[in-house]
Protein chains: 2
Amino acid sequence: MLPVVGQPQPERADAARNRQKIIEAATRMLAERGADELSLDEVARVAGVGVGTVYRRFGDRAGLLYALIDERERRFQAAFLSGPPPLGPGAPAADRIEAFLYALVDRIVAQQGLYVSLEKGGGMNKFSGPYRVHHVHLATLIAQARPRAAAPYLADALLAPVSACLIAFQREERGMNVDDIKAGLTSLTAAVIRGRVPG
Amino acid sequence: MLPVVGQPQPERADAARNRQKIIEAATRMLAERGADELSLDEVARVAGVGVGTVYRRFGDRAGLLYALIDERERRFQAAFLSGPPPLGPGAPAADRIEAFLYALVDRIVAQQGLYVSLEKGGGMNKFSGPYRVHHVHLATLIAQARPRAAAPYLADALLAPVSACLIAFQREERGMNVDDIKAGLTSLTAAVIRGRVPG
DNA sequence: AGCTTAACCGGAGATCCCTCCGGTTGCCAG
DNA sequence: CTGGCAACCGGAGGGATCTCCGGTTAAGCT
């Protein structure tokens, strides 16, 4: 779906047309109302298709939400895989890690409601799709910076605080702003990657 | 509800009786089926009360689920607030932090389905209740070990990888076992708290 | 063009979470 | 004991997600 892989089965013309109608309707409704108010029944009605069609195209609510951020995610993946440093290759691994986490935070903050809604529903499908790509990327960078570290686990551990729900909670209920969160992430990565202990 | 606070308003006798009936029915059904299959309508029917009663007693699905682990959570809070070291006071803060995170992992693994179901629903209410207590406790310990660190943020950051959904994913899809997860947490806390960098 | 078939379409309906409100009952003051 | 009120009860119902299946249609082959 999102992990940058072409569809093995090409869609029929009417199916592709309906997919486009659904995405357009959902995008418009997402802009007008919030992500929480995005009812799939209503999306189907506005798009002029049956609700079954929505589910056949996108699997479930999370699938549709992923499709809505698909293009942005593609650009993001291109940026950290082959874009300019410090996000892309060319900078020290430690700097790339920090830039990567910062970009993740910005991405969530830019569409907080959408990402929160995505994490709420399902729960386990949060780890399907983009997460795997992010994890592989981050684990690779960690392995470069700290060859003997448990890179796969540390990648999970650095990705975990960059959760839409946690960030929403920190901003709304704990009064933190984006820079506070980024500063925290810096001190976390500084300790884990650079060996610079906080305090 | 769960943050160890007595109810300001004592319940009427019939209300307390119904609460008990609901908890017993839910506990029984939880043991037989999984936490995912726990329908509140069905709990109400088995308990012999109306569904409105369930919601008045417990607020929502998460509230009922929290009530089911309330006693265990009470014991856990007593253990790390005033029990024997290294979980309770008396041990170095760094050791208490590690013991605390280990205990959280064990607690989740013991009732994984329940905690996963708890994190899935709602999303934001994950941070209400026990989370706040755990956060205050952990932030206090971090401040003891590292007086100049950003303790509140680091507490969130250490709590984030101890998520039921993440642990379930690591165990089921990534083939990790509990000791792998604990070892990862050790290297994480070692870096953040003890200044011992991984690798 | 006509045929075949696999894929697709639509919407009724099952299930679930949660709210609302008219009727009921426990509790206490008098 | 009794009257009154606040709290409680039950279940109908709204709105959401997702499934299922009979009818339809696009696409390729002859």
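First the proteins, then the strands, lettered A, B, ... as listed; each starts at 1.
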Of A:Glu42 and A:Gly59, the one whose closest nucleotide on DNA chain D sits nearer the 5' end is A:Glu42
Presence of salt bridge, A:Arg194 and A:Asp95, under 4.0 angstrom | yes
Length of the line joining B:Leu40:CG and D:dG15:C1', which is rounded to integer Å = 16 Å
How far apart are the closest heavy atoms of A:Cys165 and A:Lys120, and which atoms are they?
-> SG-CG, 4.4 Å
Within less than 4.0 Å of OP1 or OP2 of C:dC9, is there a side-chain N or O belonging to A:Asn18?
-> yes
Which nucleotide in the list D:dT17, C:dC9, C:dT19 gets nearest to the side chain of A:Ser39?
-> D:dT17
Could you tell me whether B:Leu64 contacts a base, only the sugar-phosphate backbone, or nothing, with contacts defined as non-hydrogen atoms closer than 4.0 Å?
-> nothing
Closest approach of B:Ile108 and B:Tyr115, non-hydrogen atoms and distance?
-> CA-CD1, 3.9 Å
How does each nucleotide of nucleotides 20-30 of chain D score, in 5' to 3' order, for protein heavy atoms under 4.0 Å: base (B), sugar-phosphate only (S), or none (-)?
-> -----BBS---
By nearest-heavy-atom nucleotide on DNA chain C, the more 5' of B:Asp60 and A:Ala15 is A:Ala15
Parallel, tilted or perpendicular: rings of A:Phe100 and A:Phe80 (30°, 60°) | perpendicular
In terms of the angle between their ring planes, are B:Tyr131 and B:His135 parallel, tilted or perpendicular, with boundaries placed at 30° and 60°?
-> parallel
Reckon B:Arg57 touches a base, only the sugar-phosphate, or nothing at all at heavy-atom distances under 4.0 Å?
-> sugar-phosphate
Please report, rounded to the nearest Å, how far the P atom of C:dG13 is from the OH atom of A:Tyr55.
-> 18 Å
Atom-to-atom span, NZ of B:Lys120 to C1' of D:dA16 - whole angstrom | 16 Å
Residue A:Val51, side-chain atoms from C-beta onward, closest of C:dC8, C:dT19, C:dA12 | C:dA12
Would you check if the distance from the ring center of A:His134 to the ring center of A:Phe127 is below 6.0 Å?
-> no
